[in-house]
Protein chains: 2
Amino acid sequence: MKKTDNKPRFGWEDIAAFCETLSEAEDALTRDMVSRISDKWSLWTMSVIAQFGQPMRFSRIMEQVEAISQKSLTKTLRGLERDGLVTRKVFAEVPPRVEYTITNLGSEMLDHVAPLWLWVAKSVRSFQDSRMAFDRRVPLRKKRSAL
Amino acid sequence: MKKTDNKPRFGWEDIAAFCETLSEAEDALTRDMVSRISDKWSLWTMSVIAQFGQPMRFSRIMEQVEAISQKSLTKTLRGLERDGLVTRKVFAEVPPRVEYTITNLGSEMLDHVAPLWLWVAKSVRSFQDSRMAFDRRVPLRKKRSAL
DNA sequence: CCGTATCCAAGCCGATACTG
DNA sequence: CAGTATCGGCTTGGATACGG
């Protein structure tokens with residue numbers, strides 16, 4: 001990519017430069033993995049399993065990840081398994097037992113997400129203020145609800 | 001706001017603990033802001049404006065953020081403005097001119113996202129391998145698209 | 001206990017057309 | 001030039017019911 005100006009301030013250019021070295025498919029996968037981070041349930045599920053510290057059953061996970069539906073949990077876990085973020089072990093018993101464990105890759109991901117999450121959490125006030133100021137000076141021109 | 005303590009390493013448990021101190025609304029907002037990160041256009045748009053290094057016109061942004069539609073760019077910029085990540089300045093001219101600038105908060109966000117993004121990009125091989133292995137041992141039981 | 005299948009509402013995003 | 005309005009396809013995720 002072109003570096004028209006010299007602003008050494010952001011490490012963002014480094015990212016752009018590095019991404020240039022990736023193939024289309026790799027770049028797409030990168031975006032895909034990043035989007036997992038803001039997936040409604042993935043991070044929460046991973047952190048629950050990670051904190052449990054040992055193989056964790058499906059139903060136990062479902063207790064901890066509050067308000068998740070069975071369908072969504074299944075789908076989330078499948079995705080995490082496919083991406084190598086958790087492992088899944090099925091025991092041929094009756095009733096069936098399935099245990100999930102965080103992988104090293106999964107732990108690493110949590111470690112790398114943590115600082116960002118913390119920054120966002122600590123900046124919550126700024127965002128709140130911005131939103132309130134915006135909503136005050138830009139009164140809803142939409143949502144002309146009835147009348 | 002830049003009172004980030006220099007902890008050598010953030011554990012996920014610390015995040016959970018810190019989030020406990022947030023109100024429901026603050027916690028929801030945190031998730032909201034994190035989800036912005038994987039929004040299809042937000043990060044790309046922010047990085048384009050940031051790298052430009054000076055106030056940037058709507059149409060100029062649209063050239064750089066390839067394949068974005070006018071509607072999506074407008075919506076993205078509105079959201080970024082509302083959250084205090086970019087500023088928007090309208091000039092009463094004909095034809096109209098509108099300039100966008102990255103804010104300090106926006107720059108900080110990019111700075112905090114960068115390392116995560118880089119880690120993901122560098123781990124792309126692992127994810128690829130996991131996916132291929134998974135897809136091999138779990139042959140598509142879905143997508144019975146016309147043979 | 002764990003997973004799948006189906007239905008359905010809500011939201012995203014592109015395409016297109018129109019305005020000041 | 002910048003933004004709005006509308007439509008329609010696609011995806012997401014909850015509720016529910018059922019199967020192994």
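Order of the sequence lines fixes the chain letters, A, B, ..., with proteins taken first and strands second; residue numbering starts at 1 for each chain.
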Check your understanding: Is there a side-chain contact between B/Ser38 and A/Ile37, using heavy atoms and a 4.5 Å cut-off?
Key ->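 SC-SC contact between B/Ser38 and A/Ile37 ruled out.
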Measuring from the side chain of [X] (C-beta onward, heavy atoms only), which nucleotide among [options] has the closest atom?
| X | options | result |
| --- | --- | --- |
| B/Lys71 | C/dC13, C/dG20, D/dT4 | C/dC13 |
| A/Thr74 | D/dC1, C/dG3, C/dA17 | C/dG3 |
| A/Trp41 | C/dC1, D/dC1, D/dG14 | D/dG14 |
| A/Lys40 | D/dG13, C/dT4, D/dG3 | D/dG13 |
| A/Val98 | D/dT12, C/dC2, D/dT4 | C/dC2 |
| A/Ser72 | C/dC1, D/dG13, C/dG3 | D/dG13 |
| A/Arg57 | C/dG3, D/dG13, C/dC1 | C/dC1 |

Length of the [atom1]-[atom2] vector between [X] and [N], whole Å:
| X | N | atom1 | atom2 | value |
| --- | --- | --- | --- | --- |
| B/Ile68 | C/dT16 | CD1 | C1' | 17 Å |
| A/Leu80 | C/dG3 | CG | P | 13 Å |
| A/Glu66 | D/dG14 | CD | P | 14 Å |
| A/Met56 | C/dC1 | CE | P | 15 Å |
| A/Leu73 | D/dT12 | CG | P | 17 Å |
| A/Arg36 | D/dG13 | CZ | P | 11 Å |
| B/Glu99 | D/dG3 | CD | P | 12 Å |
| A/Lys75 | C/dA5 | NZ | P | 14 Å |

Can you tell whether the side chains of [X] and [Y] come within less than 4.0 Å, N to carboxylate O?
| X | Y | result |
| --- | --- | --- |
| B/Glu24 | B/Arg31 | no |
| B/Arg88 | B/Glu99 | no |
| B/Lys75 | B/Asp39 | no |

Practice item. Could you check whether the rings of A/His112 and B/Trp119 sit parallel, tilted or perpendicular, using 30° and 60° as the cut-offs? Key: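 Rings of A/His112 and B/Trp119: parallel, as their planes differ by under 30°.
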Check your understanding: OP1 or OP2 of C/dT4 less than 4.0 angstrom from a side-chain nitrogen or oxygen of A/Arg78, does that happen here?
Key ->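 Yes, A/Arg78 has a side-chain N/O under 4.0 Å of OP1/OP2 on C/dT4.
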Review point. Does a side-chain N or O from B/Arg88 land closer than 4.0 Å to OP1 or OP2 of D/dA2, or not?
Key: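 No, no such contact exists.
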Review point. Is B/Tyr100 touching bases, backbone alone, or none of the nucleic acid, heavy atoms closer than 4.0 Å?
Key: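 If one applies the 4.0 Å heavy-atom cut-off, B/Tyr100 turns out to touch the sugar-phosphate alone, with no base involved.
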Practice item. Could you say whether B/Asp39 or A/Pro96 is positioned toward the 5' end of DNA chain C, judged by the nucleotide with the nearest heavy atom to each? Key: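 Closest to the 5' end, via its nearest nucleotide, is A/Pro96.
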Practice item. Starting from the 5' end of DNA chain D, give me the residue, B/Arg97 or A/Gln70, whose nearest nucleotide shows up first. Key: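 This one resolves to B/Arg97.
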